[in-house]
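Remarks on the structure that follows.
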Amino acid sequence: LGIVIESFQGMIHSEGCQELFPKLYQRFEDPDVWKVHEDVMPVLDELANRGFRLGIVSNWDTRLKPLLSRLRLDGFFEFVSVSCDIGFTKPSPVIFEHTVGKFGLPPERMLHVGDHQSEDVKGAQGAGLHSLLIDRSARSRPEVIRELTELSERITESWS
């Protein structure tokens, strides 16, 4: 509710936000409001075919796993670590360490790709993982990719 009040501050009174919140909350679990970028499925297929084990680390809630299923993305991921289940949000190393433990690999053999510099990149690095920022509007550079298709050329044998 707090984020709704903050987002609509000055436009809607807090009472209106309290009415709006349940509708927005429910709307965000609807797969029709989400866009899966065109590069996602081909890259997930390629990585799976190359034998990479995939997981998700997310600052979300209980709606994520059913949403992934409804978007037909769940089958690609061995583990889905959601902050509401773990009790820690990114950039805390705890949520990353939890996922590392699930995979049973040393963190330096893992790569985290995320869209937020401090939560994803710095959080993953703080837990000892390699990390890349995906920013679809930025220029590509060593620590940033614009599309997931750039992963193929970035992933080295050390991660397989």
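These values consider heavy atoms only, across backbone and side chains, with no hydrogens, waters or symmetry-generated copies.
Residues F52 and E46 have side chains not in contact (no heavy-atom distance under 4.5 Å, counting atoms from C-beta outward). For the pair D74/K65, no side-chain contact is recorded, criterion being any heavy-atom separation below 4.5 Å from C-beta on. V43 is not listed as a side-chain neighbour of D45, based on a closest heavy-atom distance of 4.5 Å or more. Considering only heavy atoms from C-beta on, S131 comes within 4.5 Å of Q125 through its side chain. Inter-residue side-chain proximity for S152 and R50 is flagged as met; some heavy-atom pair is nearer than 4.5 Å. Put simply, the side chain of L20 reaches to within 4.5 Å of the side chain of I12, judged on heavy atoms. For the pair F96/M110, no side-chain contact is recorded, criterion being any heavy-atom separation below 4.5 Å from C-beta on. Looking at L54 and L44, their side chains come closer than 4.5 Å, going by heavy atoms from C-beta outward.
Pairing each heavy atom of W34 with each of L67, the nearest pair is NE1-CD2, 3.4 Å. Pairing each heavy atom of L24 with each of F8, the nearest pair is CD1-CE1, 4.0 Å. Across every non-hydrogen atom of E29 and R70, the tightest pair is O-NH1, 3.3 Å. M41 approaches R72 most closely through the heavy-atom pair CE-O, 3.5 Å.
With values rounded to the nearest 0.5 angstrom, K90 atom NZ is found 3.5 Å from D120 atom CG. Note that CG of L47 and CG of L111 are 9.5 Å apart. Values are rounded to the nearest 0.5 Å.
Cluster membership for I56 and L133, using ILVMFWY side-chain heavy atoms within less than 4.5 angstrom, is not shared. If you chain together hydrophobic residues whose side chains sit under 4.5 Å apart, L73 and L151 fall into the same group.
Remark: H13 pairs with no residue by the side-chain hydrogen bond (donor to acceptor under 3.5 Å, both in side chains) rule, at least two apart or across chains.
Environment of CZ in F88: sparse, with no more than 12 heavy atoms of neighbouring residues, nucleotides or ligands closer than 6.0 Å. Other residues, nucleotides and ligands contribute at most 12 non-hydrogen atoms within 6.0 Å of the CD atom of Q9.
Remark: R53 is not positioned above the aromatic ring of F79, lacking an NZ or CZ atom under 6.0 angstrom from the ring centre and at most 45 degrees off the axis.
Side-chain contact check for S81 and T99: at least one donor-acceptor pair (N or O, by modelled atom type) lies under 3.5 Å.
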